[in-house]
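This is the structure I have questions about; it appears just below.
Every heavy atom of this structure was used, including side-chain atoms; hydrogens, water molecules and symmetry mates were not.
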Amino acid sequence: MKKTTMIALGLLASVFAGTAAAAEPAKLPGLASEYLMTCAEASAEAKTDAAYVADVVASMGNASVEARGLKIKPAKDLDARVVKVMGDVCKKDPDGLLINAVDRAMRSVASK
């Protein structure tokens, strides 16, 4: 499903609770710096610009869904399930890439 993955701003804060602040994301030619953002960097950024981080997470979620051909069924608790998986991944590895947490979350809620 295209452009259907939006994470509620209020729930987003719970994903990053307790992650350490980090430096600005690395820059590589040809790759959007947002895709190199770590969980810790997203946590730090969310404190000052939660809307930006929500947009980045939504973009990453959409990319994951499209690249993997995932089918996501709308559900009342979908955002909460996505945020829980992202939070679990980020808590285990705050220096891990946010895209990995988002991708794992999207795969976990996809229809089998």
Side-chain angles (χ1 to χ4, degrees):
M1 299 177 96
K2 292 183 179 184
K3 310 289 183 204
T4 59
T5 308
M6 288 301 294
I7 306 303
L9 287 176
L11 294 174
L12 191 60
S14 67
V15 170
F16 302 116
T19 58
E24 191 167 317
K27 310 263 189 236
L28 289 178
L31 185 62
S33 62
E34 290 84 359
Y35 282 81
L36 299 174
M37 183 183 296
T38 67
C39 288
E41 291 164 344
S43 174
E45 184 69 27
K47 290 178 175 92
T48 59
D49 195 351
Y52 168 72
V53 176
D55 286 344
V56 168
V57 168
S59 175
M60 289 177 176
N62 288 330
S64 176
V65 168
E66 288 184 35
R68 294 183 178 279
L70 300 176
K71 304 294 182 213
I72 309 291
K73 291 182 182 174
K76 189 178 255 186
D77 67 339
L78 181 62
D79 285 351
R81 291 181 6 224
V82 168
V83 168
K84 176 163 180 8
V85 173
M86 286 176 52
D88 291 347
V89 172
C90 285
K91 284 175 188 169
K92 287 179 185 171
D93 188 9
D95 293 322
L97 294 178
L98 181 62
I99 185 71
N100 290 334
V102 173
D103 182 58
R104 179 158 315 155
M106 299 317 297
R107 289 184 291 136
S108 77
V109 299
S111 301
K112 305 273 184 211

(request) Identify, with sequence neighbours excluded, every residue that meets side-chain hydrogen bond (donor to acceptor under 3.5 Å, both in side chains) alongside Asn100. (result)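 Per chain and number, Asn100 pairs via side-chain hydrogen bond (donor to acceptor under 3.5 Å, both in side chains) with no residue.
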(message) Can you list everything that forms a side chain to side chain contact (heavy atoms under 4.5 Å, CB included) with Ala110? Sequence neighbours excluded, please.
(response)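 Side chain to side chain contact (heavy atoms under 4.5 Å, CB included) list for Ala110, sorted by chain: Leu70, Ile72.
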(request) Indicate if Met37 and Val89 have the same hydrophobic cluster label, given that clusters are the connected sets of ILVMFWY residues with side-chain heavy-atom separations under 4.5 angstrom. (result) no
(message) Among residues at least two apart in sequence or on other chains, which ones pass side chain to side chain contact (heavy atoms under 4.5 Å, CB included) with Ala75?
(response) Asp77, Leu78, Arg81
(message) Please give me the minimum heavy-atom distance between Val85 and Ser108, naming the atom from each residue.
(response) CG2-OG, 3.4 Å
(request) Could you give me the CA-CA distance, side-chain angles and deciding distance for Met86 and Leu98, then say whether side-chain contact (heavy atoms from CB on, under 4.5 Å) is met? (result) CA-CA 8 Å; Met86 286 176 52; Leu98 181 62; 4.2 Å; yes
(request) With rounding to the nearest 0.5 Å, note down the distance linking CZ in Arg68 to CE in Met106. (result) 11.5 Å
(message) To the nearest 0.5 Å, what is the distance between OG on Ser64 and CD1 on Ile99?
(response)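 Rounded to the nearest 0.5 Å, the OG-CD1 separation comes to 6.5 Å.
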(request) Output all residues satisfying side chain to side chain contact (heavy atoms under 4.5 Å, CB included) with Asp49, sequence neighbours left out; order by chain, then residue number. (result) Glu45, Ala51, Tyr52
(message) Arg104: which residues meet the salt bridge (Lys or Arg N to Asp or Glu O under 4.0 Å) condition with it, sequence neighbours left out?
(response) none
(request) Flag yes if Val57 and Val109 sit in one hydrophobic cluster, no otherwise; membership is Ile, Leu, Val, Met, Phe, Trp, Tyr, and two members link when side-chain heavy atoms are under 4.5 Å apart. (result) yes
(request) Run the salt-bridge test on Asp88 and Lys92 with the 4.0 Å N-O cut-off and return the result as yes or no. (result) no
